[in-house]
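Lettering follows sequence order; numbering is per chain, from 1.
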2 protein chains.
Amino acid sequence: MPSHLTDNRPALRPEMGESLGMQGSRKVVNITRLRQACRSCSLVELCLPMGLTSDDIQQLESIVQVKTPLEKGAHLFREGDSFQAIFAVRTGALKTYSLDADGREHVLGFHLPGELLGFDAIYPRYNRCSAMTLADASVCVLPFNQLADLAQKVAGLQATILRLMSKNLSISVNLATDHTAEERLAGFLLSIAQRTGEGTELRLVMPRRDIASYLRLATETVSRLLARFQQEGLLEVHRKRVRLIDLDGLRELGGSFEIVDRTRQRTGYQ
Amino acid sequence: MPSHLTDNRPALRPEMGESLGMQGSRKVVNITRLRQACRSCSLVELCLPMGLTSDDIQQLESIVQVKTPLEKGAHLFREGDSFQAIFAVRTGALKTYSLDADGREHVLGFHLPGELLGFDAIYPRYNRCSAMTLADASVCVLPFNQLADLAQKVAGLQATILRLMSKNLSISVNLATDHTAEERLAGFLLSIAQRTGEGTELRLVMPRRDIASYLRLATETVSRLLARFQQEGLLEVHRKRVRLIDLDGLRELGGSFEIVDRTRQRTGYQ
DNA sequence: TATTCGTATTGACATGGATCAAGTTCAGGG
DNA sequence: CCCTGAACTTGATCCATGTCAATACGAATA
């Protein structure tokens with residue numbers, strides 16, 4: 001029985017009457033109504049504001065809310081909650097997952113600072129998955145109706161949203177393609193390196209079990225592959241710490257799996 | 001060597017200067033500039049116009065173009081083409097696929113009448129996959145810039161586009177989840193039944209090879225599973241003809257894989 | 001510093017589905 | 001109506017990865 005199920009929330013069905021999709025979960029919820037100064041946020045070039053004018057950003061700021069920080073293991077939303085908002089990760093990290101008929105967890109994605117989540121819930125109007133923090137985290141809330149209204153006025157915002165959703169689509173499509181365990185893991189490590197901007201010194205926030213679940217592998221396979229990569233001189237690994245050594249070698253393995261993000265130029269490896 | 005590579009187009013890189021993303025491919029291209037009467041199209045409730053006012057649809061019609069019919073095996077676009085338009089299938093069917101480093105084809109999706117394709121190319125600005133017809137087909141062209149501009153004015157259109165992209169996202173995410181061969185195939189058959197509205201009498205336009213590729217299975221596995229499903233009384237199959245017999249049984253197998261489309265109520269099975 | 005418990009590693013074995021290799025059927029063209 | 005090649009089916013075998021079972025490690029706690 002997964003430890004994140006310790007609190008006693010029932011429900012896996014769409015529920016109306018939740019405001020902002022989070023009144024249901026106590027303590028975690030209270031939204032500081034303080035406006036978030038996107039312009040002063042260090043992630044400004046990573047999340048939605050990318051490509052917007054200063055004026056556009058000001059309008060965006062007026063609808064963005066900041067949640068009180070979430071502790072590790074807390075839920076941002078749960079499968080079946082009615083859809084109300086898109087979320088942007090400021091600090092920490094989250095995973096999204098769903099439970100299958102047998103109660104087994106399937107990790108659908110990891111969400112790192114500067115990334116948005118929740119787009120897959122627009123269509124069915126309720127969340128198809130749960131989102132849980134992998135570490136203490138803070139998150140911006142973008143109420144969807146307001147966001148959509150604003151996108152109606154601000155062309156750059158609409159364009160950005162479409163671009164982001166399209167990108168998410170590419171990532172999922174890619175993940176659905178068949179690749180060997182080796183390719184998946186190598187590609188995963190490269191994508192984490194790129195997304196975190198940690199260069200070659202990674203700290204994997206997520207446990208092996210979650211990496212395995214995300215890559216549709218067994219935990220043991222991930223462990224064994226990391227050991228093998230190390231043996232082959234591709235990297236050094238010790239628990240959550242990974243040092244990528246042979247980037248070209250890794251790219252050769254995982255290149256076809258990795259989604260290269262052409263919109264971000266961070267100072268990590270090229 | 002795949003047979004669809006018989007014509008001599010090179011290029012797998014983004015190419016600027018193609019207008020509407022199809023001037024590059026001869027004969028296939030000429031766009032009839034005739035306006036397409038969406039309102040009189042039998043698919044009106046399936047593709048974009050869904051939920052739009054008559055007035056909105058009229059505006060949409062003004063940007064929609066109809067391509068000259070495509071023969072079976074023709075390409076609508078190719079991997080690497082610069083992104084210019086979203087496409088809506090009127091008749092026939094298409095598959096999207098990409099080629100991996102070894103030149104092997106991976107089917108990413110099937111696109112049936114009333115469905116749109118091309119959303120995954122918005123972000124990278126060039127097509128990440130090729131689209132080929134599985135049968136003679138006709139297609140509507142929605143030039144993306146014009147579509148985006150229109151969505152800026154027509155709130156219902158923006159909402160529809162977001163909803164559709166979100167749905168595509170759900171489908172891809174689901175496909176990426178790990179399921180047994182059995183679950184995938186059963187779910188696939190149910191989804192085809194639903195999407196075509198053929199009820200229980202399906203005609204599979206796509207060859208086994210493509211089904212297998214899409215579901216990340218070997219052709220032989222698909223063949224064997226169909227034989228087994230038949231033996232178990234779940235269905236009857238003869239080449240492209242499939243008659244679903246035990247829907248509940250199939251749902252039990254494939255239910256967790258199938259994406260249920262809540263926006264379409266066609267007159268097939270419930 | 002010892003204790004503990006979740007997380008990670010490592011080994012032995014099982015198996016679903018891939019691959020290889022014949023057949024078989026069918027649709028389309030002469 | 002037969003021929004031909006592609007699409008499909010069926011059988012035999014193999015292998016990548018999953019599963020089961022210990023064991024080891026390490027961070028948190030006392």
Side-chain angles (χ1 to χ4, degrees), chain A residues 1-6 71-73 95 100 102 104-107 134-136 177-186 188 202-231 235-242 253 257, chain B residues 1-6 71-73 95 100 102 104-107 134-136 177-186 188 202-231 235-242 253 257:
Chain A
M1 178 113 329
S3 63
H4 60 270
L5 287 179
T6 43
E71 284 183 3
K72 175 175 174 177
K95 67 172 172 185
D100 66 18
D102 306 326
R104 264 179 309 218
E105 180 180 316
H106 296 266
V107 173
L134 293 162
D136 294 355
T177 307
D178 66 337
H179 293 281
T180 63
E182 202 173 53
E183 291 169 329
R184 301 174 99 85
L185 185 58
F188 174 75
L202 311 187
R203 172 172 213 89
L204 302 174
V205 271
M206 63 297 282
R208 298 282 191 274
R209 174 170 28 97
D210 288 344
I211 297 176
S213 174
Y214 177 64
L215 299 176
R216 315 303 149 194
L217 300 171
T219 310
E220 295 91 328
T221 305
V222 171
S223 217
R224 272 187 262 265
L225 280 174
L226 284 173
R228 215 183 74 205
F229 284 174
Q230 175 159 274
Q231 226 181 309
L235 48 74
E236 268 168 21
V237 57
H238 180 71
R239 298 280 161 144
K240 300 199 164 310
R241 296 224 158 272
V242 177
L253 287 179
F257 182 70
Chain B
M1 179 111 331
S3 63
H4 58 270
L5 286 180
T6 42
E71 283 184 6
K72 175 175 174 176
K95 68 173 172 184
D100 66 18
D102 307 325
R104 263 179 310 216
E105 179 181 319
H106 296 266
V107 174
L134 292 163
D136 293 357
T177 306
D178 65 337
H179 293 279
T180 63
E182 202 173 53
E183 291 170 328
R184 302 174 98 86
L185 185 58
F188 173 74
L202 311 187
R203 172 171 214 92
L204 302 174
V205 270
M206 63 295 282
R208 299 282 191 273
R209 174 170 27 95
D210 287 344
I211 297 176
S213 173
Y214 176 64
L215 299 176
R216 314 304 148 193
L217 300 171
T219 310
E220 295 92 326
T221 304
V222 170
S223 216
R224 271 187 261 268
L225 278 174
L226 284 174
R228 216 183 71 203
F229 284 173
Q230 174 159 274
Q231 226 180 309
L235 49 73
E236 270 170 21
V237 57
H238 180 71
R239 296 281 164 142
K240 299 200 165 311
R241 296 225 158 268
V242 177
L253 287 179
F257 183 69

Counting distance alone, no hydrogens or angles: does the base of [N] have a donor or acceptor under 3.5 Å from a partner atom on the side chain of [X]?
X	N	value
B:R224	D:dG11	yes
B:R239	C:dT25	yes
A:R209	C:dT9	no

Atom-pair distance ([atom1] on [X]; [atom2] on [N]), nearest Å:
X	N	atom1	atom2	answer
A:L226	C:dT9	CG	P	7 Å
B:D210	D:dC8	CG	P	9 Å
B:E220	C:dC20	CD	C1'	9 Å
A:R241	D:dG26	CZ	P	14 Å
B:D102	C:dA18	CG	C1'	16 Å
A:R208	C:dT10	CZ	P	11 Å
B:R228	C:dG17	CZ	C1'	12 Å
B:R184	C:dG17	CZ	C1'	12 Å

Out of [options], which has the shortest distance to the side chain of [X]?
X	options	answer
A:S223	C:dA18, C:dT10, C:dC20	C:dT10
A:T180	D:dT17, C:dT19, D:dC8	D:dT17
A:K240	D:dT9, C:dT10, C:dA8	C:dA8

Using heavy atoms to find the nearest nucleotide of DNA chain D for A:H238 and A:A181 separately, return the residue whose nucleotide is more 5′. A:A181
Atom pair CZ (B:R216) and OG1 (A:T177), whose distance is rounded to the nearest 0.5 Å: 5.0 Å
Value for CG (B:D210) from CG (B:L204), rounded to nearest 0.5 Å, stands at 11.5 Å
Within the 4.0 Å heavy-atom criterion, would you say A:R216 contacts the bases, only the backbone, or no part of the nucleic acid? sugar-phosphate
Describe the nucleic acid contact of A:L217 in one word from base, sugar-phosphate, nothing, applying a heavy-atom distance below 4.0 Å. sugar-phosphate
Where do B:E182 and B:L253 come nearest, in terms of heavy atoms and distance? OE1-CD2, 3.6 Å
Minimum side-chain heavy-atom gap A:Y214-A:R184 below 4.5 Å: no
With a 4.0 Å limit, can you tell me whether A:T221 has a side-chain N or O closer than that to the phosphate oxygens OP1/OP2 of D:dT17? no
Report the residue from B:V242, B:L235, B:V237 that forms a side chain to side chain contact (heavy atoms under 4.5 Å, CB included) with B:F229. B:L235
